[in-house]
2 protein chains.
Amino acid sequence: MARPRKPLLSRDRIVGAASALVDAEGLDAVSTRRLAAVLGVSGPSLYNHFRNKEEILDAVADAVSAQVDLSMFEESDPRDWRAALHDWALSYRAALAAHPHIVPVLARGPGRRPAGLRVADAVFGAMVGAGWPPAQATRIGALMRYFITGSALGSFAGGFVDDETAYDPADYPHLGQAHLLADHRRQVDEGAFETGLRALLDGLTIQYEQYARPVGGDGDDTATVRLAPNRP
Amino acid sequence: MARPRKPLLSRDRIVGAASALVDAEGLDAVSTRRLAAVLGVSGPSLYNHFRNKEEILDAVADAVSAQVDLSMFEESDPRDWRAALHDWALSYRAALAAHPHIVPVLARGPGRRPAGLRVADAVFGAMVGAGWPPAQATRIGALMRYFITGSALGSFAGGFVDDETAYDPADYPHLGQAHLLADHRRQVDEGAFETGLRALLDGLTIQYEQYARPVGGDGDDTATVRLAPNRP
DNA sequence: ACCTGAACACCGTTCAAGT
DNA sequence: ACCTGAACACCGTTCAAGT
């Protein structure tokens, strides 16, 4: 059999199988040959639908970005930038946490991935709409990304080994309980994320009062922006 | 020739060559065979010094962690946790920015890497010494890691493509200038890092007043800790 | 257009053999 | 102890051939 009358493959089928493989066994488990085998075709068939393996993984990453809820940026009062950012961060993190193995691919930046770009666009637009100067809105999009992808990638607690003898008190005087972290992995990571997110939003609130005036307060929908020096 | 009277290889030589290869050509360029060729030996020789390729890359990552300055945690007044955290974050980011390709390996967590553990130990010890409750000190270590590694990994600006046609205004109404980001890559990333770091420290300062009282104010060097609920 | 098998230039790792 | 070549079981990708 050379070409079937109905195509065996589609971009969506390939992305679906690749996602499942990434979730189940990690990035390293994805080879074009294994992926093709799962799909019941031979390895080179994939190249009729994607230029190379990287493009397949990019599509998997973009499918995760597509899961991020952006509705809070449309619905809410533009003055509620803080609440919107908070809810978006939770949704973003939840999407990444559900597919941790693809995060390194996603963290490289939006590039040309449509869903990733929609996320960047929505955040930037909402912050500008809330009265942030564009340069600051760009920075907010970037720094939130740093924090969220960093938290999804690192799994601080999971990075420690569950082995009491691994952390000699003579070498690391304060890490006596570190081996316990592996157990409490989820709690520690979620606690750190919550604490960090709250700190970030509190800190940005302080900066907001220096950089901008909110928009739309009295039916005036143009941003009244006051530029302030970068360091107060 | 089978075994030379003086060893051709050492762990340090291997790590040095691997670091250079990672910096020059990225993670994917490091294969055991290429690395061995650079070192003038055959591929399997490396296995006399490291168990596998992953261990070599872990050692490269740890060499980067070893560059992080930790002196601010020893020298400073324990009450200056904020200044110490700030300076440490800059030093950490600088170390990662100098070797961006190894960041994905480093971001997986300290594991058993000695230098990475020294970093975690120093931060945790300093925060507890400054009066933070241990659970909060753990979270601070984690969230700072999230932010710093996320910023070193993502290069938000570098993630955009320098191509005016890539970001159609119909699809992404707010990304009209996005293709310019590639040019200003360093500025945007550094600006976002500074803004985020300041926000994080401002936010933590607010939380500090709820969680703890500073230590050593009147020659009393035990922490007086008041536990507060996680959400105020 | 879409799939195939064969082929090319690679991989990481094991292992017996050498000194 | 430390290096070697041979070998095994893989890779990603190209390409001519088939329908």
Side-chain angles (χ1 to χ4, degrees), chain A residues 1-62 101-102 104-105 108 111-113, chain B residues 1-62 101-102 104-105 108 111-113:
Chain A
M1 176 225 348
R3 172 161 103 96
R5 39 188 69 227
K6 245 206 132 192
L8 297 173
L9 253 33
S10 68
R11 287 179 66 98
D12 280 352
R13 266 201 79 215
I14 294 168
V15 171
S19 294
L21 205 46
V22 169
D23 286 347
E25 302 190 42
L27 264 188
D28 290 345
V30 182
S31 74
T32 55
R33 291 165 130 107
R34 269 199 73 182
L35 180 54
V38 167
L39 290 161
V41 297
S42 80
S45 304
L46 302 171
Y47 291 83
N48 288 299
H49 302 270
F50 289 93
R51 257 202 291 274
N52 50 41
K53 183 183 166 181
E54 197 188 340
E55 240 187 29
I56 299 175
L57 292 177
D58 270 354
V60 171
D62 210 43
H101 294 129
I102 199 67
V105 175
R108 278 171 211 167
R112 297 171 181 274
R113 294 193 308 260
Chain B
M1 177 222 354
R3 173 161 103 95
R5 39 190 69 228
K6 245 206 131 193
L8 297 172
L9 254 33
S10 68
R11 286 178 68 98
D12 280 351
R13 268 200 79 214
I14 294 169
V15 171
S19 294
L21 205 47
V22 169
D23 286 346
E25 303 190 41
L27 263 187
D28 289 345
V30 183
S31 75
T32 55
R33 291 165 129 107
R34 270 199 73 184
L35 181 54
V38 166
L39 290 162
V41 298
S42 81
S45 303
L46 301 172
Y47 291 82
N48 287 298
H49 302 270
F50 290 93
R51 258 202 291 272
N52 51 40
K53 183 183 167 182
E54 198 189 339
E55 240 188 30
I56 298 175
L57 291 176
D58 270 355
V60 171
D62 210 43
H101 293 129
I102 199 67
V105 175
R108 278 171 212 168
R112 297 172 183 271
R113 295 193 307 261

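Chain A is the first sequence line, chain B the second, and so forth, proteins listed ahead of strands; every chain is numbered from 1.
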For a quick test of your reading: what N or O donor-acceptor pairs under 3.5 Å do the side chains of residues 37-49 of chain A make, sequence neighbours left out?
| from | atom 1 | to | atom 2 | distance (Å) |
| --- | --- | --- | --- | --- |
| A:Ser45 | OG | A:Ser42 | O | 3.0 |
| A:Asn48 | ND2 | A:Ser45 | O | 3.3 |

Q. Quick one: is D:dT4 close enough that its OP1 or OP2 comes under 4.0 Å of any side-chain N or O from B:Ser42?
A. yes

Q) Within the structure, does a side-chain N or O atom of A:His49 lie under 4.0 Å from either OP1 or OP2 of C:dA1? A) no

Q) Hey, does B:Phe50 have a side-chain heavy atom less than 4.5 Å from the side chain of B:Val15? A) yes

Q | Atom pair distance, as rounded to whole Å: CZ in B:Phe50 and C1' in C:dT13 | A | 16 Å

Q. Could you state the OH-C1' distance from B:Tyr47 to D:dC3, rounded to the nearest angstrom?
A. 15 Å

**Q.** Runs of at least three Watson-Crick or G-U pairs with DNA chain D, cut-off 3.5 Å
**A.** C:4-8 with D:12-16, C:12-16 with D:4-8

Q) Between atom CG in B:Asn48 and atom P in C:dG18, what is the gap in whole Å? A) 17 Å

**Q.** Neighbours of DNA chain C within residues 12-25 of chain B, by heavy-atom distance under 4.0 Å
**A.** none

**Q.** Minimum heavy-atom distance between B:Thr32 and B:Lys53, given as atom pair plus value
**A.** CG2-CB, 4.1 Å

Q) Are B:Val30 and B:Val60 close enough that some pair of their side-chain heavy atoms sits under 4.5 Å apart? A) no

Q | Closest approach of A:Ala18 to A:Leu35 (non-hydrogen atoms, all atoms of both residues) | A | N-CD1, 3.6 Å

(Q) Quick check for you: among D:dT13, D:dA6, D:dC3, whose closest atom lies nearest to any side-chain atom of B:Pro44? (A) D:dA6

Q | Spatial distance of atom CG (B:Leu21) from atom CG (B:Asp28) [nearest 0.5 Å] | A | 11.0 Å

Q: Report the residue from B:Arg11, B:Arg51, B:Arg113 that forms a salt bridge (charged side-chain N to carboxylate O under 4.0 Å, His left out) with B:Asp58.
A: B:Arg113

Q. Rounded to the nearest Å, what distance is computed from the CG atom of residue A:Asp28 to the C1' atom of nucleotide D:dC10?
A. 13 Å

(Q) Using a strict threshold of under 4.0 Å (side-chain N to carboxylate O), is an ion pair present between A:Arg34 and A:Glu25? (A) yes

Q: May I ask you to verify if any side-chain N or O of A:Ser31 is less than 4.0 angstrom from the OP1 or OP2 atom of D:dC10?
A: no

**Q.** Between C1' of C:dC8 and CZ of A:Arg33, the distance in whole Å
**A.** 11 Å

Q) Taking atom C1' of D:dC11 as reference, at what distance in whole Å does atom CZ of B:Arg34 sit? A) 17 Å

Q: Answer whether the closest heavy-atom distance between the side chains of A:Ile102 and A:Val105 falls below 4.5 Å.
A: yes

**Q.** Gap in Å between the two P atoms, one belonging to D:dA9 and one to C:dA9, rounded
**A.** 22 Å

Q.
Would you say B:Thr32 places a side-chain N or O within less than 4.0 Å of OP1 or OP2 belonging to C:dG12?
A. yes

(Q) When the C1' atoms of D:dC8 and C:dC10 are compared, how many Å lie between them, rounded to an integer? (A) 15 Å

Q) Between A:Leu46 (CG) and C:dA1 (P), how many Å, whole number? A) 19 Å

Q. Whole-Å distance between D:dT13 P and A:Lys53 NZ?
A. 8 Å

Q) So how far is it from B:His101 NE2 to B:Leu57 CG, rounded to the nearest 0.5 Å? A) 13.0 Å

